[in-house]
*Asks:* 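Please read through the structure below; I'll follow up with questions.
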Amino acid sequence: MKTLIGNRGGILMRRVLISALLACLFLTVLIVPAAVAQEKIKLTLASMKTFGIDTMPLLIRRFEKLHPNIEVEFVEMPSPNYSTEIHQYLVTTLAGETGDIDVFTIDCIWFPEFGEAGWLLNMDPYIAAQEKANYFKGAIETVSYKGHQVGMPWYIDAGMLYYRKDLLDKYGFKPPKTWDELIHQAQVILKGEKNPNLHGFIWQGRQAEVLVCDLVEFLGSDGAVLDDKGNVVINNEAGLRAAQLMYDLIYKYKITPESVNTYDEEPSRQVFTSGNAIFLRNWSYVWNIAQDPKESKVVGKVGIAPIPAFKGSKSASCLGGYQFAVNKYSEHPKEAAELAKFLSSPESQLYFAQKISFAPTRPAVYDNAKLAKQNPFLVSLKDVFVYATPRPIHPRYPEISLILQSEFSKLLTNKQTPKQTVDAAAAKIKALLKK
Amino acid sequence: MMITGPSMIPSIPSIRSRNMQNWLSRGAFYLLVILIVLGCVGPFAWQIITSIKPARELTTLPPILPSQVTVEHYIRVFERPFGKYIMNSVIVASATTIFCLVVGSFAAYALGRLRMKGKMIILSMVLAVSMFPEIAIVSPLYVVMRNLKLLNTYPALIFPYTTFAMPLTLWILTSFFREIPAELEEAAKIDGCSPLQAFWKVILPIAAPGMFTTAILVFIAAWNEFLFALTFTKTIQAQTIPVGIAMLPTMYHVPWGSIAAASVIVTIPLIILVLVFQRRIISGLTAGAVKG
Amino acid sequence: MSSRKVTFMGKLRVSEKNLGYFLVIPALAVVAVMAFWPTLAAFWMSLHDISLIFRTNRFIGLENFKTMAGDPAFRNALHNTVYFTAISVALETLLGLVMALVMNGAFKGRGAVRASVLVPWAIPTVVTSTMWKWIFNTDYGLFNFLLKRFHVISSYLNWLGDGKLAMGCAIMADVWKTTPFIALILLAGLQTISHDLYEAAMIDGANWWQRFTRIMLPLLLPIGLVAVLLRTLDAFRVFALIFVLTGGGPADATEVLSTYTYKVLFSTSNFGYGSALAVSMFVSVALISLVFLNFIRLVTRSS
């Protein structure tokens, strides 16, 4: 009697369980995409999102036509304002040391880190020695680590000063070359315009990577976080001068609002293109948006200039941009290198420049007559790009960056003085590098 | 709290008095309702307004309302294969919900109603899953997924979502099953039902509010997850809505109007879902008792 | 007769027990396959010095935890996390209860109210945090605009740029987003309370406050505790909301354990120390849960 009940319960339960299990299995089988058998060599290209939907796929198709034995799977990563997520995705994927992705786009600041970790394929055997001379020197330095080329240059970006041409003209000013000029012009215009919504100078002070970019520019040509020998020099005279300027823009000259400590690229761009700022520090992407009547209230009223400098010192513009690299654990390194080289070729660079205004890393591409006609803005930036200043080059850069972000955020929030800021940053970075 | 009117705590209609005080408390009650709805829907209404504003007006206040209505943001959303993202999300979230409820309700029945040892230990073990930060699990889980050859498939999302929704499912359902009066089940057993039959015929219908509530919470959690979706999928084949939204910005430019439009598009199906199912959330004992 | 009954019950009890384990196994299996190995891996890594960049991987015992004890950034993050969790969960519970009571009421249009209450929970978190970032924007945010329009503030405040205000904003966004979670669970709980109990109480002449405190609250307590427990665990691990809203800034004022752990894990690729931080979160949350579990056991036993 009792066993009967037990069994009956058991049978019923088994039936229910089995049918549930079958249902689940069926569902799984149904939704697992069928693996397609193929003989072609398959490469995976993971690229961050740029402009347009078909920009990269069109180029890939061109590559596949040239190499009929290769098939390229395109994996799209988010755009660079998700750089933390891209970094996490790449670290997770590459740390497995398998060929899940073959070619990928990489922020120029990650080369020392990924290079030290041994995830990047040495490109030297795949490129002719004289080929390096066809790129900007800085671009090749960016994609090199410990004497080897470990990536292929893609495009270059740099910080620049956007200004309101109409307002500067109205008060008879020329674009500022020094910080003193910028401060003076902003103060005069703010006083004259009497517009409570208008800000003098907007930049990026959010506790994020971009704060370090801005810092590099305030440091100018005389300052640095690390010197050539790798010593920490952020607390020298030039470093203190930069910190003092960042502080004074907000709390002394009052041409930068306190809310700058919450701004990264887009919020600061919004203030400018809605007509509420005289000067803006930002990347090259702002130019096209500022000229788009759908997005911008300052169409035709915007000019660009190099980042100002301290008197007697030279301007520094923070180097940015993504490059290509090949996974060292790719199962088809030769073909993957071929793809990376193709994406970095003069033809591809011209394609990117024409289609999405990406600044080429090959000087020769700028001389293309068609491009000069079509995108004079881009060609005019050549000089800015040539002298762009890199952020500290060190495998521990991500940690250095976190320290700088934290300390300078304290400065902008008025929690510590400029002197305290550079001293604390220097002490912490020194302690880190001793490890 | 003092304004809680009589309608919130059920009372017998005939006993309700119709004096001034009652009118006042009714008024206060509806004021509360309005406040709640405004608080919940207000920011979403702002999203809707944002989604039909021309881009250059997004940073201007006043006016709150757009000078002209535009659908360009919606067009831009569907320039990407947004329908595919929605379909992926529907499949992943539905499968997760079904898995969770099937597996979870069996276990919760055992833990809530059957006599067995170590219930608290089992419940605590499952709860431990939601004690680890997801960010610390992403990397090891990626290795697991690759070894199982699941990367870039729906199961790569369904399995972890089911796992991480299991504590919620199990704890809520167990708690519900436990509260159901034992007499009902005993009566069924006397009628000759096996424990599982009692579960099917008696417990489940009574626990329907708990089941549907759990289903909605699990579904939405799976619908909205971002970190795993970004890491374990690579292409449009398996990517879900949050990844699709993250793909809207181009370079540094964040098209806020389009993101608002996308969020409106993906939120409205959920609202309809809730409207359809909300009667089920309110049923179980109450309905039975009222009818009886 | 009586002996037969006993054996019958006895046998049933045995089969019930086996049935119980059988029913629990699938759930445990799901959890084990996906969570067991990664969790174990995190524990294992926390005892190592693992840097992906420098390709180090050596056992160092509890060294990471010693580092943690002297790490001011960790202490700051722990403090912020506890503060954030305590305040937001308390507010969510209170508001959630009010919302559940309202939704439980019989009135016209309650279906629409129930659907609208779920809206905050339904919007993807990636969007919610960006949305609040816009609303709290100093220069063109709706929050400043409305507050000034209604004369609550005289000049625009730098909401996300001031440490204390930024934490308040994060809490506000979290409360808005997750109160529906608690409200919905409590509502379902209210639904399983039998009407007969109220009727009996009303006949005994109990007023609504008495009915609320003596019938509803005690009956709601078990499920309410579960809801609060689940919320607490989630709030303690809050990540996306704060990461998008403030990135941990300004001046580390909103840095919580999750955002700090993320930076250590993925920005610095220091998986040893990062895992140790994750383990510390696990332990903190486990301790909190222990308190809850004891409560829940007490409550379920007494009822």
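Chain A is the first sequence line, chain B the second, and so forth, proteins listed ahead of strands; every chain is numbered from 1.
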*Asks:* Examine whether an atom of A:Trp110 lies under 4.5 Å from a heavy atom of chain C, and if so say whether it belongs to the side chain, the backbone or both; otherwise answer neither.
*Replies:* neither
*Asks:* Give, for atom CG of C:Leu265 and atom CD of A:Gln88, the distance between the pair rounded to the nearest 0.5 Å.
*Replies:* 9.5 Å
*Asks:* In terms of heavy-atom proximity below 4.5 Å to chain A, should C:Ile25 be classed as side chain, backbone, both, or neither?
*Replies:* neither
*Asks:* What's the spacing between C:Lys133 NZ and A:Arg206 CZ if we round to 0.5 Å?
*Replies:* 4.5 Å
*Asks:* Tell me, for C:Ser51 versus chain A, whether the close heavy atoms (under 4.5 Å) come from the side chain, the backbone, both or neither.
*Replies:* neither
*Asks:* What part of C:Trp159 lies closer than 4.5 angstrom to a heavy atom of chain A: side chain, backbone, both or neither?
*Replies:* neither
*Asks:* Search all heavy atoms of C:Pro250 against all heavy atoms of A:Thr413 and return the closest pair with its distance.
*Replies:* CB-OG1, 3.5 Å
*Asks:* Hey, what do you get for OH (A:Tyr263) to OG1 (C:Thr138), rounding to the nearest 0.5 Å?
*Replies:* 5.5 Å
*Asks:* So A:Lys410 and C:Asp252, do their side chains get closer than 4.5 Å, heavy atoms only?
*Replies:* yes
*Asks:* Please state whether the side chain, the backbone, both or neither of A:Phe114 comes within less than 4.5 Å of a heavy atom of chain C.
*Replies:* neither
*Asks:* Is it the backbone or the side chain of A:Thr84 that comes under 4.5 Å from a heavy atom of chain C, or both, or neither?
*Replies:* both
*Asks:* Working to the nearest 0.5 Å, report the span between OG1 of C:Thr268 and CD1 of A:Ile400.
*Replies:* 12.0 Å
*Asks:* Side chain, backbone, both or neither: which part of C:Val244 has a non-hydrogen atom closer than 4.5 Å to chain A?
*Replies:* backbone
*Asks:* Is any side-chain heavy atom of A:Ser259 less than 4.5 Å from a side-chain heavy atom of C:Asp139?
*Replies:* yes
*Asks:* What part of C:Tyr262 lies closer than 4.5 angstrom to a heavy atom of chain A: side chain, backbone, both or neither?
*Replies:* side chain
*Asks:* Drop me the distance from A:Glu113's CD to C:Ser267's OG, to the nearest 0.5 angstrom.
*Replies:* 8.5 Å
*Asks:* Where on A:Asp264 is there a heavy atom nearer than 4.5 Å to chain C: the side chain, the backbone, both, or neither?
*Replies:* side chain
*Asks:* Distance from A:Asn261 atom CG to C:Thr246 atom OG1, nearest 0.5 Å?
*Replies:* 11.0 Å
*Asks:* Measuring only between side-chain heavy atoms, which start at C-beta, is A:Glu85 closer than 4.5 Å to C:Phe266?
*Replies:* no
*Asks:* Check for a donor-acceptor pair, side chain of A:Gln207 on one end and backbone N or O of C:Ala251 on the other, with a separation under 3.5 Å.
*Replies:* yes
*Asks:* Which answer fits A:Ser409, side chain, backbone, both or neither, if we ask what part of it has an atom under 4.5 Å from a heavy atom of chain C?
*Replies:* both
*Asks:* Between A:Gln405, A:His199, A:Lys415, A:Glu209, which residue shows the highest count of heavy-atom pairs closer than 4.5 Å to chain C?
*Replies:* A:His199
*Asks:* Before you tell me yes or no, could you show the steps for C:Tyr140 and A:Asn197 under side-chain contact (heavy atoms from CB on, under 4.5 Å), namely the whole-Å CA-CA distance, both residues' side-chain angles and the distance that decides it to 0.1 Å?
*Replies:* CA-CA 10 Å; C:Tyr140 42 81; A:Asn197 292 329; over 6 Å; no
